[in-house]
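Worksheet: the structure to be examined is printed underneath.
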Protein chains: 2
Amino acid sequence: MRTFKKCRNGSYDFLNAKSRSRSIEHVARTGRPREFNKEQTLERALTLFWSRGYGATSIQDLVDALAVERGSLYGTFGDKRRFYLEAVRLYWEVYERHLIATLDTSPLLPALREILTHPARLDELVSDVGVPQGCLVGNTTAELVPQDGEATEIVTRSYRRFTDIVTDALSRAQAAGEVTDRAHPAAQAQMLLYLVQGLSLVSRAGLDKAAALAAIDAAVDGLRA
Amino acid sequence: MRTFKKCRNGSYDFLNAKSRSRSIEHVARTGRPREFNKEQTLERALTLFWSRGYGATSIQDLVDALAVERGSLYGTFGDKRRFYLEAVRLYWEVYERHLIATLDTSPLLPALREILTHPARLDELVSDVGVPQGCLVGNTTAELVPQDGEATEIVTRSYRRFTDIVTDALSRAQAAGEVTDRAHPAAQAQMLLYLVQGLSLVSRAGLDKAAALAAIDAAVDGLRA
DNA sequence: CTGACTTCTGTGCGTACGTTCAAGAAGTGC
DNA sequence: GCACTTCTTGAACGTACGCACAGAAGTCAG
């Protein structure tokens with residue numbers, strides 16, 4: 001559901017400069033300082049969880065990939081479940097920022113198309129196994145929901161935020177006469193949520209890029225006034 | 001992505017009478033007869049896998065829920081992974097039969113709407129935890145793909161079958177002037193695959209039935225000629 | 001009845017997992 | 001420099017897992 005551009009250092013630019021600088025706030029704290037970057041470690045864990053899933057990612061995998069010892073991970077992030085949920089939260093936070101920024105434009109449909117095609121950008125979607133990983137929120141829905149109340153809450157809230165943001169944009173576009181008013185903006189937004197989640201999921205199993213783009217165009221054309 | 005009507009005995013009617021009678025073929029075989037029904041056990045395992053996922057369902061869970069000892073399960077179905085994949089295959093086989101039967105009609109759009117609303121029929125979607133479970137193929141995509149080649153194969157083939165079947169139906173409906181020809185049938189079918197998979201997935205986290213139906217109607221309206 | 005064959009039952013094995021803990025190292029503030 | 005706090009390290013723990021196996025139980029052909 002989201003792609004991240006790789007930075008020059010090989011890590012992903014999940015956080016903007018503002019929130020990154022916030023991490024240097026343990027200046028006034030006593031005690032031995034942490035030897036690893038907390039945010040960067042969370043980002044790296046996110047990419048691992050993203051491509052392998054929650055259950056298939058062991059603590060040992062994380063220790064190996066992050067170069068941080070078990071005890072430090074537990075001390076910093078709590079147990080595995082809490083670590084994962086924190087990664088999901090970060091994932092959505094970044095995606096939502098991107099969503100809002102992209103849809104704040106007119107005409108809307110091209111922007112909408114870009115949002116939808118994001119999961120289809122195979123060349124930008126790199127994981128440690130070299131395949132697209134779908135949307136982390138969607139993966140969480142499949143794997144943790146409904147056994148985990150907290151995961152359900154995060155997932156539900158994310159979906160709700162998506163539809164709220166897209167509904168607002170569609171309302172404006174309907175008012176501008178760009179999008180058909182045969183359906184309510186909320187219904188159209190819900191439809192787009194299903195579409196992007198389905199695309200993200202199905203893409204995990206391999207993606208025919210041309211077919212995916214044609215499908216997206218078919219859906220977007222259906223919205224045109 | 002699929003609902004099953006509960007039978008009077010509390011089990012699910014996954015198999016039709018024909019394939020069920022095939023199971024009484026161990027009449028001429030020697031040795032101690034199996035004390036449990038293989039198909040029925042597979043069905044029950046399917047519902048368990050369906051609601052909990054692959055990783056979260058332990059052998060012990062299966063032994064408890066199926067009332068079949070570990071050894072018997074291994075002897076009959078092989079290891080856990082093979083057992084699961086067999087359940088996924090059965091799941092899709094039943095769904096595909098339903099899909100073909102439902103779409104073999106004219107006009108097509110109401111039938112298509114019924115296919116799409118299937119995951120939204122909360123009252124018929126019962127799991128052991130009392131919530132909808134999404135599509136087992138979709139769940140498998142999220143959890144096992146891309147680490148498991150055989151799972152990927154099953155999932156990919158299922159998606160392909162879906163789009164093939166729906167494309168055929170849409171071609172006929174386009175020829176009949178019922179569905180718009182602004183997009184190719186294959187693109188429309190792909191779009192519907194994404195839609196139904198997204199709906200199944202998102203439904204796992206809780207479903208606003210009215211919103212889901214409105215979204216489906218918005219998509220189906222976009223197909224109308 | 002007997003022998004060949006198949007399935008059932010439950011115990012046991014090795015492993016890998018998530019998690020904890022104690023001791024030491026590396027800082028900070030007075 | 002001393003007390004205090006936090007982080008690091010690596011070993012260890014308990015558990016639950018997937019899986020194998022040996023002996024009992026049942027069926028059928030001759």
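All heavy atoms count here, side chains included; hydrogens, waters and symmetry mates do not. Just so it is clear: chains get the letters A, B, ... in the order the sequence lines come, proteins before strands, and each one is counted from 1.
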Residue pairs, two or more places apart or on separate chains, that pass salt bridge (charged side-chain N to carboxylate O under 4.0 Å, His left out) and touch residues 72-87 of chain B
R81(B)-D148(B), R81(B)-E150(B), R82(B)-E150(B), E86(B)-R89(B)
Check: [X] side chain, [Y] main-chain N or O, donor-acceptor pair, under 3.5 Å:
X       : Y       : result
R52(A)  : T57(A)  : no
E143(B) : Y54(B)  : yes
D61(A)  : S58(A)  : yes
T117(B) : E114(B) : yes
T76(A)  : L73(A)  : no

Measure the distance from [atom1] on [X] to [atom2] on [N] and round it to the nearest whole Å.
X      : N       : atom1 : atom2 : answer
K38(A) : dC7(D)  : NZ    : C1'   : 13 Å
K80(B) : dT15(C) : NZ    : P     : 20 Å
F83(A) : dG18(C) : CZ    : C1'   : 14 Å
R82(B) : dC19(D) : CZ    : C1'   : 15 Å
D79(B) : dC17(D) : CG    : C1'   : 13 Å
R81(B) : dG18(D) : CZ    : P     : 14 Å

Do Y91(B) and S158(B) have side-chain N/O donor and acceptor atoms under 3.5 Å apart?
no
Between the two ends of the helix from dC1(C)-dG30(D) to dC30(C)-dG1(D), what is the bend in degrees, rounded to 10 degrees, where each end axis spans five pairs?
10°
DNA chain C-proximal residues of residues 54-65 of chain B, any heavy atom under 4.0 Å:
none
Holding to side-chain contact (heavy atoms from CB on, under 4.5 Å), I want the full list of residues that pass it with A45(B), two or more places apart in sequence or in another chain.
F49(B), L62(B), L66(B), F83(B)
Applying side-chain contact (heavy atoms from CB on, under 4.5 Å), can you list everything that pairs with A186(B), at least two apart in sequence or on another chain?
T167(B)
Please round to the nearest 0.5 Å and tell me the distance separating atom CZ of R204(A) and atom CG of N139(A).
4.0 Å
For a quick check, with a 4.0 angstrom heavy-atom cut-off, what is the B/S/- contact string for nucleotides 8-14 of chain C, read 5' to 3'?
SBBB---
Can you check whether R157(B) reaches W92(B) side chain to side chain, under 4.5 Å on heavy atoms?
no
